Amino acid sequence: FPVTITEQDPYQITDWEQLYNVRFFSGTGPDSKRYFVLNNDLNSHSGGYDTYASESANGGMGWEPGYSSYIYLDGNGFAIADFKILREFYFESGLFRYLDYSEILNLDLKDFLVQGRYYSGGLAAFAYQCSLNGIKVVNGTIENSMYSSGLIAGELYFSSINSSSIHGSVSGEYYIGGISGFIVTGK
């Protein structure tokens, strides 16, 4: 990754390894937000899929959720698809484990499976003070054995979701929702 990842020069994501590496380049505050843009669909035919997002990745656990703060990710209308997260005995499953003070827009999530114990979502297990705009979930599956599961986020805190849609299935014991299993002061 370049040293600066700015609005004028966002990092271009074209494969699974580059998406995985976003976790290493969070901003440290509002004035240091990091900018990323998806330049194509990521799916089972994309570079790095077997290593990062398939059911055999990471010792049979699939995608490894990461933590990101102060990021801006523009999906450009492209999809992140076919990823598997197989962590049925683990907490916090999603493309992002925690997503704080971030903005994600124009992103499709398609044909994915997330298995977890607590706090599971397609995009994030937890989203705190995030703006999620134009998120489209198509054929997503969340299988949670306990609580807080949703197709976009397991739990949302002080966040907004606008112009978004979901289609898929969610299962669990408590706090189950289509968009999110649990929302605290969101809109």
Side-chain angles (χ1 to χ4, degrees), residues 1 5 10-26 34-58 61-87 92-100 102-116 119-127 130-144 149-154 156 159 161-170 178-180:
F1 277 97
I5 305 171
Y11 188 75
Q12 312 293 311
I13 298 171
T14 60
D15 64 29
W16 288 98
E17 180 179 15
Q18 291 167 337
L19 180 64
Y20 181 85
N21 288 335
V22 167
R23 70 191 68 216
F24 301 120
F25 296 94
S26 290
R34 303 289 191 233
Y35 292 82
F36 302 89
V37 63
L38 189 60
N39 280 340
N40 51 266
D41 291 335
L42 295 183
N43 55 41
S44 60
H45 302 289
S46 303
Y49 177 77
D50 290 337
T51 302
Y52 293 98
S54 71
E55 63 186 35
S56 62
N58 295 302
M61 296 176 74
W63 179 262
E64 181 182 348
Y67 175 90
S68 289
S69 288
Y70 295 102
I71 68 166
Y72 176 97
L73 172 62
D74 186 349
N76 264 341
F78 291 113
I80 298 175
D82 304 326
F83 62 92
K84 309 289 189 271
I85 301 174
L86 309 172
R87 298 171 180 270
E92 302 145 357
S93 295
L95 280 176
F96 295 96
R97 183 177 179 191
Y98 291 96
L99 190 59
D100 300 332
S102 296
E103 184 173 354
I104 311 294
L105 66 151
N106 306 321
L107 179 65
D108 293 356
L109 301 173
K110 296 170 63 175
D111 303 318
F112 62 84
L113 170 63
V114 177
Q115 295 176 332
Y119 320 112
S120 297
L123 180 64
F126 289 99
C130 291
S131 176
L132 309 174
N133 297 297
I135 308 299
K136 182 179 177 184
V137 174
V138 177
N139 197 31
T141 302
I142 306 290
E143 297 174 354
N144 214 17
S149 49
L151 286 165
I152 293 178
L156 287 168
S159 297
I161 296 180
N162 295 296
S163 303
S164 297
S165 63
I166 57 168
H167 180 269
S169 65
V170 181
I179 290 174
S180 179

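Only this structure's heavy atoms are used, side chains among them; waters, hydrogens and symmetry mates stay out. Given the structure is predicted, the values throughout are model-derived calculations rather than measurements. Start at 1 with the first residue, then count along the sequence.
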Is the backbone of [Y] close enough, under 3.5 Å, to the side chain of [X] for a donor and an acceptor to pair up by distance?
X	Y	result
Asp15	Glu17	yes
Arg23	Phe96	no
Glu64	Gly62	no
Trp16	Asn43	yes
Thr51	Tyr49	no
Trp63	Ile85	no
Asn133	Leu105	no
Ser93	Ser120	no

Reported [atom1]-to-[atom2] distance for the pair [X] and [Y], which is rounded to 0.5 angstrom:
X	Y	atom1	atom2	result
Leu99	Leu132	CG	CG	7.0 Å
Lys136	Lys110	NZ	NZ	7.5 Å
Ser131	Tyr72	OG	OH	9.5 Å

For a quick test of reading the model, state the closest non-hydrogen atom pair linking [X] to [Y] and the distance between them.
X	Y	answer
Ser26	Ser69	OG-N, 2.9 Å
Ser68	Ser102	O-OG, 4.1 Å
Phe25	Asn21	CD1-O, 3.3 Å
Ser149	Ile142	CB-CG2, 3.6 Å
Gly154	Ser180	O-OG, 3.4 Å
Leu151	Thr141	CD2-N, 4.2 Å

Between [Y] and [X], is there a side-chain heavy-atom distance shorter than 4.5 Å?
X	Y	result
Ile71	Ile104	yes
Asn106	Asn76	no
Val138	Asp108	no

| task | Look at the rings of Tyr52 and Tyr20 and say which category their plane angle falls in: under 30° parallel, 30 to 60° tilted, over 60° perpendicular. | result | tilted
| request: Check the angle between the aromatic planes of Phe36 and Tyr11 and answer parallel, tilted or perpendicular using the 30° and 60° thresholds. | output: perpendicular
| task | Verify whether one side chain among Asn139 and Asp111 offers a donor that lies under 3.5 Å from an acceptor in the other. | result | yes
| Are side-chain N/O atoms of Tyr67 and Asp100 paired as donor and acceptor at under 3.5 Å? | yes
| request: Take Asp74 and Tyr35 through the test side-chain contact (heavy atoms from CB on, under 4.5 Å) and record every step on the way to the result. | output: CA-CA 8 Å; Asp74 186 349; Tyr35 292 82; over 6 Å; no
| request: Please lay out, stage by stage, how Leu113 and Leu86 fare under the test side-chain contact (heavy atoms from CB on, under 4.5 Å). | output: CA-CA 8 Å; Leu113 170 63; Leu86 309 172; 3.8 Å; yes
| Stepwise, does the side-chain contact (heavy atoms from CB on, under 4.5 Å) test hold for Ile166 with Ile152? | CA-CA 8 Å; Ile166 57 168; Ile152 293 178; 4.0 Å; yes
| message | Would you say NZ of Lys84 has more than 12 non-hydrogen atoms from neighbouring residues, nucleotides or ligands within 6.0 angstrom? | response | yes
| field | Under the side chain to side chain donor-acceptor pair (under 3.5 Å) test, residues paired with Glu55 that sit two or more places apart | value | none
| query | Step by step, would you call Leu107 with Ile80 a side-chain contact (heavy atoms from CB on, under 4.5 Å)? | reply | CA-CA 8 Å; Leu107 179 65; Ile80 298 175; 3.9 Å; yes
| field | Candidates Asn39, Leu42, Val37 - the one meeting side-chain contact (heavy atoms from CB on, under 4.5 Å) with Ile13 | value | Leu42
